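Take a look at the structure below.
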Amino acid sequence: MLEAIFRTPPLTALGVLLLLSSLLNLCSGDVGDFSPCLNYFHRAWPLKGLQGTPICQRFDNRYHFATLYSRDRRTPLFSAYIYNPPQGKRPKGNWKYEPQLANSKADGNMVPFPIPPAKVDQNVVESQAVQEDYINSSYTRGHLNPSQHHTDPTDRYATFTLTNVVPQKAGSNDGPWAKLESSVSQRLQAYCLGEAHVVTGIIPYEKDRWLKDKGRVAIPEYLWSAYCCQNFSQNLPKSLIDTFPSYAAIGRNDPNSTEEIVPVNPKRKKAFLGYDVRPMPLPTLETYLKQRYGTPISVFYEQCSGS
Ligand SMILES: *[C@@H]1O[C@H](CO)[C@@H](O)[C@H](O)[C@H]1NC(C)=O
Ligand SMILES: *[C@@H]1O[C@H](CO)[C@@H](O)[C@H](O)[C@H]1NC(C)=O
Ligand SMILES: *[C@@H]1O[C@H](CO)[C@@H](O)[C@H](O)[C@H]1NC(C)=O
């Protein structure tokens with residue numbers, strides 16, 4: 001954009017405004033721009049087709065992953081990261097928020113919520129989800145980028161930001177979705193030889209539903225996840241031939257949803273009944289995303305084909 005402005009003599013008022021706003025963006029750096037964290041996307045090519053606020057997720061002055069945040073839903077639309085094998089126990093959640101969503105002068109590092117009775121600033125409450133939104137809601141805080149897909153303790157710790165979290169039923173979060181996360185983890189450890197880029201996102205209801213009917217934090221009807229690993233073992237077991245270089249899945253977050261996208265296994269344990277996850281090829285996922293979002297969506301560059 002800068003280039004375009006400099007090529008246009010004379011500098012119009014609009015041009016000056018655009019220039020100023022892009023300079024401001026450069027200064028705050030972390031909101032509105034994926035350029036400092038393109039490495040979390042396969043071929044440095046962020047998912048195409050969704051509108052939102054890009055967040056380069058920063059903690060301890062380092063980037064850890066990338067999120068496209070919806071200010072209207074006060075949830076992420078997706079998080080993108082590089083998979084690394086987990087080590088040690090799951091860290092304890094110390095939930096964080098992102099001051100830069102409320103104040104563009106903030107340095108872009110996420111910070112822990114204050115310990116009650118201390119309260120977070122009202123501007124923060126307006127700009128994003130806070131702890132109170134989830135309390136008594138019957139939904140858990142479901143990570144899109146899970147801490148268990150990382151080796152580095154700081155990478156893991158950084159996943160505990162509410163901008164990486166959506167309202168997820170415990171039946172999904174502790175059941176089939178957890179199983180998906182661990183089977184992907186085992187498979188990538190065993191057969192992915194290079195980098196595995198993962199993108200995990202949500203599919204909204206056709207008509208939005210909100211935590212505690214407050215119109216603040218929107219509930220997703222489904223979660224989806226996909227990975228791209230182009231350098232993989234040539235000795236894949238037959239059963240896994242279709243899971244490289246790319247793989248995708250959609251998981252139910254509502255037992256009452258119809259079964260067109262993800263059928264229900266009626267024999268599942270009661271706690272997990274209706275929270276099934278359906279594996280599928282990447283193009284099938286993109287078809288469902290297009291249907292619900294009403295616009296073409298490309299998760300990976302050239303659908304993770306070729307090299
Ligand atoms: C949660 O529910 C309890 C018991 O009904 C109530 O005392 C508490 O104020 C509620 N907290 C929030 C944040 O809604
Ligand atoms: C794939 O990964 C292996 C193991 O890390 C490495 O030796 C090889 O060079 C990689 N191949 C490509 C094409 O990147
Ligand atoms: C599913 O429907 C039942 C019965 O109408 C209702 O009690 C329950 O809250 C619904 N579940 C969700 C997640 O909306």
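As the structure is a computational prediction, the values presented were derived from the model and not from experiment. Each ligand, and each atom within it, is numbered from 1 in the order the structure gives.
What you find for N109 and D107 is that their closest heavy atoms are N-OD1, 2.9 Å.
Atom CG of D242 has 12 or fewer neighbouring heavy atoms from other residues, nucleotides or ligands inside a 6.0 Å radius. More than 12 heavy atoms of other residues, nucleotides or ligands lie within 6.0 Å of OH in Y293, so this atom counts as buried by the packing criterion.
Ligand 1 lies under 4.0 Å from heavy atoms of I135, N136.
Put simply, the side chain of R278 gets close to the backbone of I261: a donor and an acceptor are under 3.5 Å apart. Listed for the R156 side chain is no donor-acceptor partner under 3.5 Å among the backbone atoms of P86.
Ion pairing of R268 with D276 is present here, as a side-chain N (NZ or NE/NH1/NH2) and a carboxylate O approach within less than 4.0 Å. Using a 4.0 Å cut-off between a side-chain N of Lys or Arg and a carboxylate O of Asp or Glu, E302 and R43 do not qualify as a salt bridge.
Atoms of ligand 2 found under 4.0 Å from any heavy atom of N231, numbered from 1 in the order shown, are 1 (C), 2 (O), 3 (C), 8 (C), 10 (C), 11 (N), 12 (C), 14 (O). Shown in contact with N256 at under 4.0 Å from a heavy atom are these atoms of ligand 3, numbered in order with element: 1 (C), 2 (O), 3 (C), 8 (C), 10 (C), 11 (N), 12 (C), 14 (O). Atoms of ligand 3 found under 4.0 Å from any heavy atom of D254, numbered from 1 in the order shown, are 12 (C), 13 (C), 14 (O). Within ligand 3, the atoms closer than 4.0 Å to a non-hydrogen atom of K169 are 13 (C), numbered from 1 in the order shown.
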Inset, instruction - Check the pair R73, D208 against salt bridge (Lys or Arg N to Asp or Glu O under 4.0 Å), reporting the backbone distance first and the verdict last. - result: CA-CA 9 Å; R73 303 177 65 80; D208 281 329; 3.0 Å; yes
